[in-house]
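Inspection log for the structure reproduced underneath, given as structure tokens.
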Protein chains: 2
Amino acid sequence: MRADAQRNRDRIVEVARAFFRAKGFDAVSMDEVAKGAEVGAGTLYRHFPTKESLYDAVLEAWAEKVNEAVDRALSPDASAREQLLTWLTDYAAMLTEHKGAAARITAALGDPGSPFAAKCTTYLNANQRVIDALDSALRPGVEAMQISRLVGGMAAVADNSELPADAVASMLEIVADGLLAP
Amino acid sequence: MRADAQRNRDRIVEVARAFFRAKGFDAVSMDEVAKGAEVGAGTLYRHFPTKESLYDAVLEAWAEKVNEAVDRALSPDASAREQLLTWLTDYAAMLTEHKGAAARITAALGDPGSPFAAKCTTYLNANQRVIDALDSALRPGVEAMQISRLVGGMAAVADNSELPADAVASMLEIVADGLLAP
DNA sequence: ACCTGAACACCGTTCAAGT
DNA sequence: ACCTGAACACCGTTCAAGT
């Protein structure tokens with residue numbers, strides 16, 4: 001990739017991240033990203049063929065934090081319920097960090113053709129790690145996909161309705177208790 | 001209301017219902033509704049000031065089925081868990097019946113200014129009836145708003161990802177167990 | 001190779017003009 | 001009162017023309 005193209009790409013992602021963070025996916029237009037990055041619309045689309053693929057690039061670095069969150073949650077000093085709840089809370093918080101991300105990523109969970117497919121795999125693997133670690137403390141037969149959808153769904157609701165943290169927490173407790181072995 | 005205006009209104013809702021049912025909220029344009037109902041765009045907007053308010057009118061009759069579903073679910077022959085699960089399943093099925101409805105109604109749950117505000121009240125009351133009926137079988141302190149958001153969130157996920165019924169059912173079982181008293 | 005920006009197609013909504 | 005339909009504002013995306 002030519003040096004100027006690389007510079008353009010970097011500037012686009014940087015500008016897009018700031019806009020998406022401030023206003024959420026829907027409220028940001030591709031035009032203002034192009035203008036902000038001082039490139040033509042064609043250049044923007046040469047680097048990112050759709051608005052969603054641009055969003056995916058913006059969420060790149062942030063997705064790497066998922067595995068750290070799993071490590072943090074799986075502390076052997078805590079009860080299984082506490083570990084699970086810590087993870088679900090962190091997970092939901094990360095999903096809610098970017099307005100519009102939770103619903104989009106959760107909707108992409110079953111779709112390998114989505115721009116978010118790589119992100120989905122990361123999440124599913126993270127939830128699988130939690131399932132493996134907590135093992136017999138969990139309801140027999142729970143799948144990573146189920147946890148991903150349950151928490152993703154709650155994060156999407158929290159995002160849409162701009163719920164306060166404690167409203168989210170009380171719903172995640174219900175989900176966590178449902179996930180634990182009877 | 002003038003007779004021709006009433007006729008127009010009825011035709012608009014009828015046509016809109018067919019389109020929304022067939023294609024879902026996003027894939028239907030106000031223009032095609034106007035054309036289908038053989039009215040000008042201005043007439044459509046005179047009757048329904050926004051696309052969402054038109055959707056609300058389309059969902060009118062269907063919302064009345066909610067209370068019947070509660071009656072059906074609260075059969076005293078079944079265990080509390082079975083009653084709860086029947087209700088959650090019916091509730092989610094009704095929300096998923098119209099593509100795009102679940103996410104919109106769930107997002108409106110806290111917002112009295114939404115076109116769906118009346119529908120939200122219906123849902124919250126229905127969930128409150130279930131809470132009152134199952135009473136001590138439920139986790140102490142559960143609120144109608146929490147159940148509405150949990151099931152609404154799951155219905156929205158199911159809707160977005162076009163999940164098969166058994167995938168939804170397994171998630172609702174988790175939610176139900178979380179809602180029952182320990 | 002890569003860039004530019006005008007243009008396209010579409011959509012929710014409005015409004016001047018009609019009856 | 002109510003209706004019509006052209007027009008507006010906006011947006012994701014494309015493409016002919018440039019360097």
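The sequence lines fix the lettering, A, B, ..., with proteins before strands; numbering per chain opens at 1.
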N/O (side chain, A/N8) to phosphate O (OP1/OP2, C/dC2) under 4.0 Å: no
OP1 or OP2 of C/dC2 under 4.0 Å from side-chain N/O of A/T43: no
Spacing of B/K35 atom NZ relative to C/dC11 atom C1', expressed in whole Å: 12 Å
First of B/L44 and B/R2 reached from the 5' end of DNA chain D, by closest nucleotide: B/R2
Options C/dT14, C/dT4, D/dC3, nucleotide nearest the side-chain atoms of A/V39: C/dT4
Sugar-phosphate, base or nothing in reach of A/A5, heavy atoms under 4.0 Å: sugar-phosphate
Range-with-range stems for DNA chain D, at least three Watson-Crick or G-U pairs under 3.5 Å: C:4-8 with D:12-16, C:12-16 with D:4-8
Sugar-phosphate only, base, or nothing, as touched by A/S29 at under 4.0 Å among non-hydrogen atoms: sugar-phosphate
Listed nucleotide nearest any side-chain atom of A/H47, set C/dC3, C/dC2, D/dC2: C/dC3
Closest-nucleotide 5' rank along DNA chain D - winner of A/G42 and A/V28: A/V28
Distance, rounded to the nearest Å, where B/M30 contributes CE and D/dC8 contributes C1': 16 Å
A/R46 side-chain proximity, nearest of C/dC3, D/dG5, C/dG12: C/dC3
Of all pairs that satisfy side chain to side chain donor-acceptor pair (under 3.5 Å), the ones with a partner from residues 154-169 of chain A, not counting sequence neighbours: A/K99-A/E162
Length of the line joining B/I12:CD1 and D/dC2:P, which is rounded to integer Å: 12 Å
Nearest-angstrom distance from the residue atom CG of A/D31 to P of C/dA6: 11 Å
Closest to side chain of A/D4, choosing from D/dG5, D/dC2, C/dC2: C/dC2
Candidate nucleotides C/dG5, D/dC3, C/dT13, ranked by approach to the side chain of B/T50 - the nearest: C/dT13
Out of D/dC2, C/dA1, D/dG12, whichever nucleotide has its closest atom nearest the side chain of A/K51: D/dG12
Gap between atoms OH and P, on B/Y55 and C/dG12 respectively (whole Å): 14 Å
hydrophobic_cluster_shared for A/L134 and A/I131, side chain cutoff 4.5 Å: yes
Sugar-phosphate, base or nothing in reach of B/V33, heavy atoms under 4.0 Å: nothing
Candidate pair B/E173 and B/R81, rule salt bridge (Lys or Arg N to Asp or Glu O under 4.0 Å), full reasoning: CA-CA 9 Å; B/E173 280 189 48; B/R81 186 177 192 277; 3.6 Å; yes
Parallel, tilted or perpendicular, as decided by the 30° and 60° cut-offs, for the rings of A/F116 and A/Y55: perpendicular
Atom CD of B/E38: over 12 foreign heavy atoms under 6.0 Å: no
Nearest-Å distance for atom pair CZ/C1', residues A/R9 and C/dA1: 17 Å
Heavy atoms from other residues, nucleotides or ligands near NZ of B/K35 exceed 12 (cutoff 6.0 Å): no
Closest listed nucleotide, where the reference is the side chain of A/Y45 and the choices are D/dC2, D/dT13, D/dC3: D/dT13
Between P of C/dG12 and CG of A/D26, the distance in whole Å: 14 Å
Gap between atoms CZ and P, on A/F19 and D/dG12 respectively (whole Å): 13 Å
Contact summary for A/G141 and A/Q146, nearest pair of heavy atoms: O-OE1, 4.1 Å
Touch class at under 4.0 angstrom, heavy-atom based, for B/Q6 against every strand present: nothing
Ion pair B/K51/B/D26, N-O distance below 4.0 Å: no
